[in-house]
Structures are given as structure tokens and as C-alpha cells.
*Asks:* 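Below is one structure. I have some questions about it.
Given the structure is predicted, the values throughout are model-derived calculations rather than measurements.
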Amino acid sequence: MSPPSDIYNSDDSPHWPSTTIVVVSVMLLILFGIAVYAFRIAIIPLIIGAIIAYVFRPLMLFIHQRTKLPHGAASVLIYLLLLTVLIPTILLIVPSLLTQLQLLREEVLTLIQNINALSPGETVEILGFEFDMQGLVGEIDIMLKNLARSLASRSPTLILDAAEVILLTVVTILISFYLTRDAAKFIRGFENL
């Protein structure tokens with residue numbers, strides 16, 4: 001029995017015309033662009049995670065060399081320190097933001113009460129110009145109503161956006177942790193690829 005012949009012998013394989021190569025290359029480039037656009041929400045945490053890992057890797061190696069801890073334990077130590085700084089910072093900022101929003105709400109309500117207290121025939125002089133308060137009150141009333149409608153209709157979107165930011169932050173920290181811990185494995189994998 002004769003050994004089977006290699007069907008994919010490079011001498012017998014057909015050569016593609018240059019136009020076919022260009023068309024296939026352009027199509028692959030377009031498909032790659034579409035894939036990047038479709039997965040852009042996942043690419044951003046990956047890029048930020050890689051940057052964080054690049055920054056923390058020397059610190060992890062320093063801890064690993066000084067303390068003889070394994071790479072994983074040194075990475076855990078660094079990220080625990082990061083979380084001990086990040087979580088209290090967030091817990092301090094959020095109540096302050098909520099307080100500022102409450103103060104803004106109270107100021108807007110006070111402004112509305114002051115505007116409603118003005119009599120319709122009053123005029124106010126600002127820098128030599130007289131303004132009819134009835135027209136000004138009407139414009140401000142319309143503006144505030146539009147603002148309230150806009151905020152009310154966008155509140156579910158704002159809540160979902162906040163949840164998305166929190167989720168992406170957690171994913172970014174996890175990605176950077178694994179990239180910091182296993183950077184040598186990833187580099188070897190890319191080199192072998």
C-alpha cells in the first residue's frame with residue numbers, strides 16, 4: 001500500500017489572484033472592525049485592566065521578591081490594598097453627592113416659590129434693562145417643567161447607566177487582577193500564538 005498523498009501539498013495548491021487577496025483582506029478587516037465595534041463595551045475594561053496591570057506588575061514583582069510570596073498572593077495583597085482605599089473613598093463621595101442633589105432640589109423649589117410670589121405686573125431692572133416678570137416667570141416655568149419631564153423620563157436610564165458603570169468597574173478590576181497575576185502566562189501565550 002502506498003502512503004496517502006498530501007492533498008494540501010504546497011506545490012499543487014492554487015495561487016490566489018491579487019484581486020482576490022485584496023477583496024478577502026478588506027472583508028476580513030471590515031469584519032474585524034464590526035467585531036470591535038460590537039464588543040466595544042468589553043474592550044474598554046480590557047484595555048483599562050491591561051493598563052492597571054502594567055502599572056501594578058512591578059509592585060507585585062517587588063513584593064514577590066522581598067517577601068517570597070507567590071505571584072497570586074502578592075497580587076491579592078495589592079488589590080486588597082487598592083480596595084481598602086477605593087471603597088472608603090466611594091463611601092465618602094456618594095453621601096456628599098446625595099446631599100448636594102438634595103440641596104439643589106431645595107434651591108429649585110425655593111426659586112419656584114419666589115417666582116410665584118412675584119406679582120404679574122412687576123418689572124425688574126438688571127443692568128439698565130427692564131424685564132417683565134410675567135414673561136420671565138412663564139419662560140422659567142416652561143423651562144423647569146421641561147427639565148423635570150426630561151429628568152423623570154431619564155431616571156430609569158440613569159439608574160441603568162450607574163449599574164453599568166459599577167459592573168464595568170468590577171470587571172475592570174478583575175481583569176487587571178488576573179493580568180497582574182498571570183502576565184507571564186499571557187505573554188508566553190501571545191508569543192506562541
*Asks:* Hydrophobic cluster membership, with links at side-chain heavy-atom distances under 4.5 Å among I/L/V/M/F/W/Y: are Leu80 and Leu59 in one?
*Replies:* yes
*Asks:* To the nearest 0.5 Å, what is the distance between CG (Leu29) and CE (Met27)?
*Replies:* 12.0 Å
*Asks:* So, taking the atom named CD in Gln102 and the one named CD in Glu107, what distance separates them when rounded to the nearest 0.5 Å?
*Replies:* 11.0 Å
*Asks:* Using the side-chain hydrogen bond (donor to acceptor under 3.5 Å, both in side chains) criterion, which residues pair with Asn146? Sequence neighbours excluded.
*Replies:* Arg149
*Asks:* Hey, are the side chains of Thr180 and His71 touching, using non-hydrogen atoms and a 4.5 Å cut-off?
*Replies:* no
*Asks:* Rounded to the nearest 0.5 Å, how far does CD of Gln100 lie from CD1 of Ile93?
*Replies:* 12.5 Å
*Asks:* What are the two closest heavy atoms between Thr84 and Leu81, and how far apart are they?
*Replies:* OG1-O, 2.6 Å
*Asks:* If you take all heavy atoms of Leu179 and Ala53, which pair is closest and at what distance?
*Replies:* CB-CB, 3.5 Å
*Asks:* Using only atom types and a distance under 3.5 Å, with no angle test, would you say the side chain of Arg40 pairs donor to acceptor with the backbone of Tyr37?
*Replies:* yes
*Asks:* CG/Leu168 to CD1/Ile175 distance, rounded to the nearest 0.5 angstrom?
*Replies:* 9.0 Å
*Asks:* Show the nearest heavy-atom pair for residues His64 and Ala74, with the distance to one decimal.
*Replies:* N-CB, 4.2 Å
*Asks:* In the single-linkage hydrophobic clustering (I, L, V, M, F, W, Y; side-chain heavy atoms under 4.5 Å), do Leu86 and Val94 co-cluster?
*Replies:* yes
*Asks:* Restricting to non-hydrogen atoms, name the atom on Gly49 and the atom on Thr172 that form the minimum distance, rounded to 0.1 Å.
*Replies:* N-CG2, 3.7 Å
*Asks:* Could you state the interatomic distance from OG (Ser176) to CD1 (Ile47), rounded to the nearest 0.5 Å?
*Replies:* 14.0 Å
*Asks:* Does any part of the side chain of Thr67, heavy atoms only, come nearer than 4.5 Å to the side chain of Leu77, both counted from C-beta?
*Replies:* no
*Asks:* Does any pair with a residue in residues 73-101 pass ring-ring contact (aromatic ring centres under 6.0 Å, His included), and if so which ones, sequence neighbours excluded?
*Replies:* Phe56-Tyr79, Tyr79-Phe177
*Asks:* How far apart are the closest heavy atoms of Gln65 and Lys68, and which atoms are they?
*Replies:* O-NZ, 3.4 Å
*Asks:* Do Ile43 and Ile51 share a hydrophobic cluster (ILVMFWY, side-chain heavy atoms under 4.5 Å, transitive)?
*Replies:* yes
*Asks:* Identify whether Tyr178 and Leu69 are in the same connected component of the hydrophobic contact network (ILVMFWY, side-chain heavy atoms under 4.5 Å).
*Replies:* yes
*Asks:* For the hydrophobic clusters of this structure (ILVMFWY residues joined by side-chain heavy atoms under 4.5 Å, transitively), does one cluster hold both Leu91 and Leu82?
*Replies:* yes
